[in-house]
Q: 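Take a look at this one; I'll ask things after.
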Amino acid sequence: MLYMFNVTYTKTVNKAQDIVNQHFNADIPLLSFDRDQSLREHVSQVRETLGTIYQKAELMHNDLLSQLEPSMSAKIEDSNVQMEVEMEVVNELQKTYTGLLGESTPLVAVLLVKKGMVESALPHPARLQDLTVLDLCGNDLLQSTEGVCKALTGGESESDYDRAAQLVWETAEVLWPHFHGYVELIDEVQACIRGEESLDE
């Protein structure tokens, strides 16, 4: 479960990387999941890559806000504004600056920044400190149940199995809500981009 979690998370981060590279003329390298490194190291790399992606989006977002009328800028910055209103503002922005920006660039910038891409994508580092499962590497997770239990607890007794299962469950509980929300966010951004591009055809 946790192995596939990391594989899927890597793919989702790379979707965001591809979106930003395409629309912001960036050159952020692809993220890879090395089975020989610990999950903790991988999570750290994910956080670093997300930070780079967010910086690119935030720069464009702030630049766009500086070019807007105050009323339009306020609508985008208002966290309580509904998605439909955000899209109306973005569409107006694209009409105003046609030829100066990529077709979906304003949309991508607004969505990635407004939806809290980095804040929502991973738990706060403090919540991960005591998760011993993250010290395992990808190859450890591909072992048999017995192998994973021994890697986590050092033993293979019934109580060791119970403890190992609890450790894995606790880790999944911390990571899953963020993972699920992040996958939905990137899928939403991609869907909005496709919708905008189909309207322009």
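The basis for the numbers below is simple: all heavy atoms, side chains too, and nothing from hydrogens, waters or symmetry mates. Sequence positions, counted from 1, serve as the residue numbers for this chain. These numbers were taken from a predicted model, which means no experiment stands behind them.
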Q: Hey, what do you get for CD (E48) to CG (L31), rounding to the nearest 0.5 Å?
A: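 Between atom CD of E48 and atom CG of L31 there are 9.5 Å.
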Q: Checking N21 against D27: is there a side-chain donor and acceptor pair closer than 3.5 Å?
A: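 No, no side-chain donor-acceptor contact under 3.5 Å.
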Q: Give me the atom names and distance for the closest heavy-atom approach of G155 to C149.
A: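 The answer is O-SG, 3.4 Å.
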Q: Is there a chain of hydrophobic side chains (I, L, V, M, F, W, Y, each step under 4.5 Å between heavy atoms) that links V46 to F33?
A: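 Result: yes, single cluster for both.
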Q: Between Q45, K15, H42, which is the residue that forms a side chain to side chain donor-acceptor pair (under 3.5 Å) with T10?
A: H42
Q: Is there a side-chain contact (heavy atoms from CB on, under 4.5 Å) between Y54 and V20? Walk through the geometry before answering.
A: CA-CA 9 Å; Y54 183 84; V20 170; over 6 Å; no
Q: Is the shortest side-chain heavy-atom distance between L39 and D135 below 4.5 Å?
A: no
Q: Give the intermediate values and the outcome of side-chain contact (heavy atoms from CB on, under 4.5 Å) for residues L122 and Y182.
A: CA-CA 8 Å; L122 285 171; Y182 182 64; over 6 Å; no
Q: Report, as yes or no, whether the 6.0 Å neighbourhood of atom CZ on R40 holds more than 12 heavy atoms from other residues, nucleotides or ligands.
A: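 More than 12 heavy atoms, drawn from other residues, nucleotides or ligands, come within 6.0 Å of this atom.
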Q: Once you round to the nearest 0.5 Å, how far does CZ of F179 lie from OG1 of T8?
A: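 Here the rounded value is 4.5 Å.
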Q: Are the side chains of L134 and L128 in contact, using a 4.5 Å heavy-atom criterion?
A: yes
Q: Once you round to the nearest 0.5 Å, how far does OG1 of T171 lie from CH2 of W176?
A: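 Result: 15.0 Å between the selected atoms.
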Q: Walk me through it: do L136 and L141 pass the test side-chain contact (heavy atoms from CB on, under 4.5 Å)?
A: CA-CA 7 Å; L136 299 183; L141 296 176; 4.0 Å; yes
Q: Is there a side-chain contact between T49 and T52, using heavy atoms and a 4.5 Å cut-off?
A: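 They are not in contact (no side-chain heavy atoms under 4.5 Å apart), so the answer is no.
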Q: Are the side chains of H178 and P123 in contact, using a 4.5 Å heavy-atom criterion?
A: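 They are in side-chain contact.
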Q: Any chance you could measure Q22, atom CD, to I19, atom CD1, to the nearest 0.5 Å?
A: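 Q22 CD to I19 CD1: 8.0 Å, rounded to 0.5 Å.
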Q: Does E170 use its side chain to pair, donor to acceptor, with the backbone of L167 at less than 3.5 Å?
A: no
Q: Taking atom CG of D36 and atom CD of E41, what is their separation to the nearest 0.5 Å?
A: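 Rounded to the nearest 0.5 Å, the CG-CD separation comes out at 10.5 Å.
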Q: Got N139 and Q143 here, is their nearest side-chain heavy-atom distance under 4.5 Å?
A: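 With C-beta onward as the side chain, the pair stays apart.
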Q: Should we say atom CD of E173 is surrounded by more than 12 heavy atoms from elsewhere, each under 6.0 Å from it?
A: yes
Q: Determine, using the 4.5 Å side-chain heavy-atom cutoff (strictly less than), whether W169 and Y3 are members of one ILVMFWY cluster.
A: no
Q: Please say whether more than 12 non-hydrogen atoms of neighbouring residues, nucleotides or ligands are located less than 6.0 Å from CD in E156.
A: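 Correct, the count exceeds 12.
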Q: If two hydrophobic side chains count as joined below 4.5 Å and joins carry through other members, does L30 share a cluster with I28?
A: no
Q: Please check if any side-chain donor atom of S157 sits under 3.5 Å from a side-chain acceptor atom of D160, or the reverse.
A: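 There is such a pair between these side chains.
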Q: Atom CG in N6, atom CZ in R35: separation rounded to 0.5 Å?
A: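 N6 CG to R35 CZ: 13.0 Å, rounded to 0.5 Å.
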Q: Do L152 and R163 pass the side-chain contact (heavy atoms from CB on, under 4.5 Å) test, and can you show the C-alpha distance, the side-chain angles, and the key distance before you say yes or no?
A: CA-CA 9 Å; L152 281 173; R163 177 59 180 154; over 6 Å; no
